[in-house]
Each structure stands twice: as C-alpha cells, then as structure tokens.
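Everything below concerns the one structure shown next.
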Amino acid sequence: DVKVTQSSRYLVKRTGEKVFLECVQDMDHENMFWYRQDPGLGLRLIYFSYDVKMKEKGDIPEGYSVSREKKERFSLILESASTNQTSMYLCASSPRDYSQSYNEQFFGPGTRLTVL
Amino acid sequence: AQSVTQPDIHITVSEGASLELRCNYSYGATPYLFWYVQSPGQGLQLLLKYFSGDTLVQGIKGFEAEFKRSQSSFNLRKPSVHWSDAAEYFCAVGARYGNKLVFGAGTILRVKS
C-alpha cells in the first residue's frame, strides 16, 4: 500500500518560532509537494520538488522554505511563524514516469498547524 | 493560467438521493481533470480522472463524471448517496506531462438521513 506520512497531525507554535513539517513517502517517488489548505480556498501549492535537492516555487511560497536532502523526505520550513500561517498543510508525492501522461498524486493525512 | 471553479460551497442531500457536484475549469489546451475526496481528518483520495476518450468516466465508490468541452465542465455524479459519502470534494485540473495540479475551493457534502 502506498504511504505518505507527516510527522504531526496537530501542532501548536508561537509567533516567531521556527517550524519544521516533515513528510516521508515510501513509494520511491521523484516528485513531492507541499500544499496549504484553507476553507473556501481549496489547496494551494507552496513548493514542490522534482528531485533530491531540487525545488520549485508554487503559488504561495512567501514565508516558507523547503528542504529535500533524501528522495523519500521533503520538509517544509516556516522560518518565523506568523498567525496567518495557521492552516492545514498537506504533503503529496507522485512518480515521474514520462511514459504516462499523468502521474497520480498521493496525499498524506495533513498537519493542522496553529500559530498563537 | 489554469483555474477551477466549484460554485457550491456546501450541498446537503438525503441518503439515497442522487448527487451532482459542479466543476468548471479554465485551461487553454486539452485539460486533464480530476476529482478527489477528503474524508474528515484524512488526506485526499483520487476518485476518478479524465485524460481523453470517452467523456463519461467511472471512478471508485460508485462515482462518475462527465467531461463537457463546450461547457468547460467536469461534473461529478452519484445515483444514490450513502451516509459515508459525507466529505469534501475537490475538482482539479492539470497539464499533460505536467507535475502540478490546480484545485478548486472544494464542495462540502452533507448527507441527511
């Protein structure tokens, strides 16, 4: 069974703290994604990575950075957390197979982050 | 740029009734279209996808969707809703051989007994 895991289901942090959200996939996928989910806005892409040490900005990268040192692990970093970063964060992964026209994204259960 | 509109934020249907969730997209080329479902406290699960060919696609859990190019729509349907279908549903559009998806805002489905 394919699996994407996220380090925490719920997290509470204080304004100004540095926050790490971890995501691990066991499917040997090349692509990994971080989304933010807010009511009425759907999922918005923060960053994605198509290979180890490679990253690309998504639609809302401001205030976030990412790290991908190993293929299976993709970290989202909030350098200085702010209250407007209170949200649900979803990680996803997908294979990169150019013989197929599309490769399904597999999602983790999400981390609900509250910044006080 | 790609975009997706789900006009209904909330929908309530009675158990056993039929369901249709609306999705309209904007994309310059042939779109790749998806419906995902998110049960409470869970990640997203793919229900079905459309790439090409037959415009009526079947998915898991008894769902189907119809691609209508002339209306730029990809509406999700189910003939008889079960209480376990209560969840949030997301429509998404992607590009061929692309890595990224653009999601709609989601529709929350409530099922009443």
Side-chain angles (χ1 to χ4, degrees), chain A residues 1-6 8-10 21 23-25 29-51 54-61 74 88-112, chain B residues 1-11 21-27 29-53 57 59-60 67 74 87-108:
Chain A
D1 225 11
V2 297
K3 200 128 181 158
V4 178
T5 56
Q6 296 182 228
S8 306
R9 294 299 299 270
Y10 299 93
L21 302 183
C23 175
V24 177
Q25 49 96 4
H29 286 169
E30 288 79 10
N31 301 322
M32 296 188 75
F33 308 81
W34 274 108
Y35 292 93
R36 173 177 171 157
Q37 181 182 8
D38 297 289
L41 296 177
L43 277 72
R44 293 178 291 169
L45 183 64
I46 304 171
Y47 267 98
F48 87 97
S49 168
Y50 48 92
D51 206 341
M54 307 302 284
K55 62 184 178 185
E56 189 170 313
K57 292 181 180 178
D59 300 316
I60 52 164
F74 191 34
M88 171 71 90
Y89 291 88
L90 291 167
C91 176
S93 72
S94 73
R96 187 176 67 234
D97 181 353
Y98 291 117
S99 67
Q100 301 190 58
S101 54
Y102 171 73
N103 295 292
E104 178 183 347
Q105 292 187 23
F106 295 87
F107 283 82
T111 295
R112 186 166 294 281
Chain B
Q2 305 156 33
S3 67
V4 176
T5 302
Q6 292 180 247
D8 304 304
I9 299 173
H10 296 100
I11 282 187
L21 301 182
R22 296 184 290 164
C23 173
N24 292 97
Y25 68 90
S26 173
Y27 185 58
T30 300
Y32 282 17
L33 296 160
F34 312 87
W35 276 100
Y36 281 83
V37 61
Q38 184 181 35
S39 299
Q42 304 295 316
L44 273 67
Q45 181 184 21
L46 183 66
L47 278 177
L48 48 78
K49 57 185 182 265
Y50 170 78
F51 292 164
S52 63
V57 293
I60 62 172
F67 170 59
F74 189 56
E88 189 160 16
Y89 292 80
F90 293 94
C91 182
V93 63
R96 186 173 186 178
Y97 296 111
N99 291 309
K100 293 183 280 187
L101 294 177
V102 173
F103 286 84
T107 297
I108 296 172

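Convention: sequence-line order gives letters A, B, ...; per-chain numbering from 1.
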Between A:Q105 and B:Y36, what is the shortest heavy-atom contact and its length?
O-OH, 3.5 Å
Closest non-hydrogen atom pair, B:A105 against A:G40
CB-O, 3.3 Å
Quick check: do B:K100 and A:N31 have side-chain heavy atoms less than 4.5 Å from each other?
no
Could you check if a side-chain atom of A:Q37 sits within less than 4.5 angstrom of a side-chain atom of B:F103, using non-hydrogen atoms only?
no
Under 4.5 Å from any heavy atom of chain A - which part of [X]:
{"X": "B:Q6", "value": "neither"}
{"X": "B:L101", "value": "both"}
{"X": "B:Q45", "value": "neither"}

Rounded at 0.5 Å granularity, tell me how far CZ in A:F107 sits from CD in B:Q42.
13.5 Å
Between A:D59, A:L45, A:L43, which residue shows the highest count of heavy-atom pairs closer than 4.5 Å to chain B?
A:L43
Side chain, backbone, both or neither: which part of A:R112 has an atom under 4.5 Å from a heavy atom of chain B?
neither
Tell me whether B:I9 at atom CD1 has more than 12 heavy atoms from other residues, nucleotides or ligands lying less than 6.0 Å away.
no
